[in-house]
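Counting starts at 1 for both ligands and their atoms, following the listed order. Side chains included, hydrogens not; waters and symmetry mates left out as well; all remaining heavy atoms used. Treat the numbers as computed from the prediction; the structure is a model and nothing was measured.
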Amino acid sequence: MRTRPLKVALLGCGVVGSEVARIMTTHADDLAARIGAPVELAGVAVRRPDKVREGIDPALVTTDATALVERGDLDVVIEVIGGIEPARTLITTAFAHGASVVSANKALLAKDGPALHASAAGHGRDLYYEAAVAGAIPLLRPLRESLAGDQVHRVLGIVNGTTNFILDKMDATGAGYQEALDEATALGYAEADPTADVEGFDAAAKAAILAGIAFHSRVRLDDVHREGMTEVTAADFASARAMGCTIKLLAICERGADGRGVSARVHPAMLPLSHPLASVREAYNAVFVESEAAGRLMFYGPGAGGTPTASAVLGDLVAVCRNRLAGATGPGESAYAGLTVSGMGEVVTRYHISLDVADKPGVLAQVATVFAEQGVSIDTVRQQGRGDGSGEASLVVVTHRAADAALSSTVEALRKLDTVRGVASIMRVEGE
Ligand SMILES: NC(=O)c1ccc[n+]([C@@H]2O[C@H](COP(=O)([O-])OP(=O)(O)OC[C@H]3O[C@@H](n4cnc5c(N)ncnc54)[C@H](OP(=O)(O)O)[C@@H]3O)[C@@H](O)[C@H]2O)c1
């Protein structure tokens, strides 16, 4: 084993960074044996230098992250600051000064992945970011390496623990969205401002990264269709249960039917209870991959938290250090397929539509005609009078697979019918 240590700088020492530093120290011998050389923590950049950081030598702590990455003697820089800047500039500066980079930054990778990969390749360095998608779950490396000989058709994932916790509570207890969110906040599963999670921004960033890797194409964050889960109601769960389904916020990346285009989207969807993802409870994450040769694979585990996320960061650190010692680099960006990203209108799936309609003869036929005119085939219809003297009924229509654009035109036409008092909910049905 080489005795001269590999020098590692840690940018950020918060929830994830502090655990990376702790495990690097407590398992130093194991890491050295697995890498083939010891690793030395050469500096730790933070915002608040006076904060007490257990197990970190205060002499290593600096607020000047730029000077740290410009030292020129670093082998690896671990970026766990988060956000776009200064993380982006620090990463490219690290490459320019000869270091490889491990990052957990989904926001940055989803926004600027191609430019960062180009910078890494230009300097002959590695850029690894397993922790950016689904925390501890080994996912990017399996997609990039283990499935490199296969053709992935679809990636279906629960990639946000906060929203899965909220939806699971709603399902299990009959709670409404706000009540379940309050519980998630009280238990520390939701941030004070939960927007990034509940509006699907976090999952959309992960979907962009997943789709790019799975389909060897560039998928930008703006290419991902995003709908949050704040409108999901207890009534939606009741409807889902009646169909033998639950509701999950899913990140879905798939090849189009013609095999040329790909799509990436995040939205709540009904999922049959028989689907493996339906059993993913609380704040766990899971990703279901369908590929030509391997068939159906499921990756499951903790999608966040300091220690689980540090596991993924350290796995990358070992891989990058091994490459370094071998004088090689690991796989970089693979975008050779150049598949175009389809708009949401072209996505084909099934739909569950709840309508409030006048409770009188002929309404069902009128509604069915609108679906037929738009080329959307109906699978089942369930009508239930309210029995409250309002003269209204609930009509639940489940369609066969249809293009999203056709469904949108159908809903537009339904809204124009006098007998349709309102469209109570529209939800896609996935995983069948
Ligand atoms: N937390 C998770 O469960 C999780 C899971 C997967 C991925 N990630 C990703 O991991 C990254 C870090 O997340 P986190 O939860 O560890 O964040 P965090 O707890 O907020 O920690 C951020 C760290 O960055 C430091 N920092 C902020 N601005 C800085 C600057 N300009 N220069 C130097 N240091 C700066 C902070 O310093 P102070 O300590 O002085 O404030 C802090 O140590 C993010 O990209 C996040 O998306 C997190």
Side-chain angles (χ1 to χ4, degrees), residues 9-23 41 43-56 58 60-70 77-91 93-94 101-113 116 127-140 157-165 184 187-197 201-206 208-210 221 251 283-285 287 301-317:
L10 188 58
L11 309 183
C13 192
V15 173
V16 178
S18 59
E19 282 301 296
V20 170
R22 184 185 65 76
I23 299 171
L41 193 55
V44 180
V46 296
R47 201 173 26 188
R48 297 166 295 164
D50 299 329
K51 191 175 169 222
V52 176
R53 298 174 201 271
E54 208 182 315
I56 305 273
L60 294 179
V61 175
T62 175
T63 53
D64 193 347
T66 305
L68 179 58
V69 296
E70 284 179 344
V77 167
I78 299 176
E79 184 277 308
V80 277
I81 292 176
I84 306 303
E85 285 294 353
R88 173 170 47 197
T89 305
L90 290 169
I91 289 174
T93 307
V101 172
V102 173
S103 173
N105 195 331
K106 68 214 112 178
L108 180 57
L109 266 305
K111 187 172 189 300
D112 267 340
L116 292 172
L127 171 62
Y128 278 40
Y129 44 93
E130 182 66 67
V133 183
I137 306 173
L139 184 60
L140 303 192
I158 295 171
V159 291
N160 183 277
T162 306
T163 48
N164 201 55
F165 181 89
L187 293 172
Y189 288 118
E191 309 243 352
D193 176 3
T195 310
D197 295 319
F201 291 103
D202 174 82
K206 293 164 180 171
I209 296 171
L210 281 175
L221 184 54
Y284 279 91
N285 282 199
V287 176
T307 317
T309 307
S311 163
V313 170
L314 287 159
D316 278 355
L317 175 67

Problem set entry | By salt bridge (Lys or Arg N to Asp or Glu O under 4.0 Å) - contacts of Glu85 (at least two apart) | Arg88
Problem set entry | Side-chain heavy atoms of Val133 within contact of Lys106, under 4.5 Å | no
Can you list, pair by pair, the side-chain donor-acceptor contacts under 3.5 Å of residues 305-315, counting residues two or more places apart and other chains?
{"from": "Thr307", "atom 1": "OG1", "to": "Glu19", "atom 2": "OE1", "distance (Å)": "2.9"}
{"from": "Thr309", "atom 1": "OG1", "to": "Gly305", "atom 2": "O", "distance (Å)": "2.7"}

For this session: Determine yes or no for a side-chain-to-main-chain donor-acceptor pair under 3.5 angstrom, with Asp202 supplying the side chain and Ala196 the backbone.
Result: no
Problem set entry | Residues which pass side chain to side chain contact (heavy atoms under 4.5 Å, CB included) with Thr62, listed by chain and number, not counting sequence neighbours | Ala45, Asp64, Leu68
Seminar exercise, completed: Residues with a heavy atom under 4.0 Å from ligand 1, by chain and number, are Gly12, Cys13, Gly14, Val15, Val16, Ala45, Val46, Arg47, Arg48, Arg53, Val80, Ile81, Gly82, Pro86, Ala104, Asn105, Lys106, Ala131, Ala304, Gly305, Thr309
Seminar exercise, completed: In terms of heavy-atom contacts, Leu11 and Ala65 come closest through CD2-CB, 4.3 Å
